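Here is the naming used below: chain letters follow the sequence lines, and residue numbers restart at 1 for every chain. Small disclaimer: the values here were computed from a predicted structure and weren't measured.
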Number of protein chains: 2
Amino acid sequence: MNKSSLRILSTLEHVGGFASAQEIHRIMTRDGKNIGLTTIYRGLQALVGEKVVDILRRDDGEAIYRMCGVAHHHHLVCKNCGRTVEIEGEVIEKWAAREAAANGFREVGHSAEIFGICSSC
Amino acid sequence: MNKSSLRILSTLEHVGGFASAQEIHRIMTRDGKNIGLTTIYRGLQALVGEKVVDILRRDDGEAIYRMCGVAHHHHLVCKNCGRTVEIEGEVIEKWAAREAAANGFREVGHSAEIFGICSSC
DNA sequence: TATGAAAATGACAATCATTTTCATTTCTGT
DNA sequence: ACAGAAATGAAAATGATTGTCATTTTCATA
């Protein structure tokens, strides 16, 4: 994690929600932080690689970034015996964020559950 | 719905899953169908407007299209005013199927909902 | 059949986000 | 201080998508 990545991360933290590379660059430039657009792209790539930052897409295809939150998990529940398995749901987080952004929603949360018949039943 | 839109739709039907505008153009050109890339883009836009075709994004941001199926949808709900938007949830279907299979579950169903504050609130 | 307005078409140029290149600068350890 | 490595950013390249505009097609009506 190098210095500009940290500066980018701090900007991302400051804006709160999502921001595109170009927006981040505009903001940092406006605020007197001196940084090149190229460096922003590289920094964001690095942060995404380190899973510190999430990337998703606006409707027009522009990539937007946000700090990774504490990704909450979901449940797989047996309709018959009630056995519950905790599962990973990163795709759901992205889906929720993307759909919400596409429709102009803020302060987004979601629920998702899978139910079926477990192998023992 | 004009003639080229129909030809595009038929191509899309033929390929089955998803295809980008460029891919559709490549396929139609290869198959001797004479059509310009611009017309493909316009036709796809029209089809999306008529809700005959769905648009989504590849990871690299390229737009891909498919015929609207009867794919069941999900809801994006405003916590404040209750406004509800129907949204696409193909990723959810896949996620549910994959996680269920990984854990040996059968007869799988799922629920997923996103909630937040809509742009008017 | 002829005609003219409106819609459709497609070649080409423009736009815009993102990536690549490459010369220069900044670090890092010795 | 010095060499080599990593980081930086300006500018050019890339690639998808959109805009422009002259030409062609469609189609209702005379």
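Within the 4.0 Å cut-off from OP1 or OP2 of dC27(C), not a single side-chain nitrogen or oxygen of N2(A) is found.
When all heavy atoms are compared, the tightest approach of A21(A) to I40(A) is O-CG2, 3.8 Å.
Taking 4.0 Å as the cutoff to heavy atoms of chain A, we find the contact window on DNA chain D bounded by dA7(D) to dA11(D).
Taking atom CD1 of residue I24(A) and atom P of nucleotide dA17(C), one finds them 14 Å apart after rounding to whole Å.
A donor-acceptor pair is defined here as one N or O able to donate and one able to accept, closer than 3.5 Å; such a pair exists between the side chain of R7(A) and the backbone of N34(A). In this structure, the side chain of T29(A) engages the main chain of H25(A) through a donor-acceptor pair within 3.5 Å. A distance-only check finds a donor-acceptor pair linking the side chain of E23(A) to the backbone of S20(A) [under 3.5 Å]. Remark: the backbone N or O of E62(A) is paired with a side-chain donor or acceptor of D60(A) at under 3.5 angstrom.
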- [ ] Take F18(B) and L12(B) through the test side-chain contact (heavy atoms from CB on, under 4.5 Å) and record every step on the way to the result.
- [x] CA-CA 8 Å; F18(B) 297 98; L12(B) 211 42; over 6 Å; no
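Looking at heavy-atom distances under 4.0 Å, Q45(B) makes contact with sugar-phosphate atoms alone, never a base.
In this model, a donor atom of one side chain and an acceptor atom of the other lie less than 3.5 Å apart for Q22(B) and Y41(B).
The side-chain contact (heavy atoms from CB on, under 4.5 Å) check on S4(B) picks up N2(B), I35(B), T39(B), with sequence neighbours excluded.
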Using a cut-off of under 3.5 Å, enumerate the N/O to N/O pairs linking the protein to nucleotides 10-16 of chain C.
residue : atom : partner : partner atom : Å
dG10(C) : OP2  : G36(B)  : N            : 3.1
dG10(C) : OP2  : T39(B)  : OG1          : 2.7
dG10(C) : N7   : R42(B)  : NH2          : 2.5
dG10(C) : O6   : R42(B)  : NH1          : 3.2
dG10(C) : O6   : R42(B)  : NH2          : 3.3
dA11(C) : N6   : T38(B)  : OG1          : 3.3
dC12(C) : N4   : T38(B)  : OG1          : 3.3

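Place K3(B) and R26(B) on DNA chain D by their nearest nucleotides, and R26(B) ends up nearer the 5' end.
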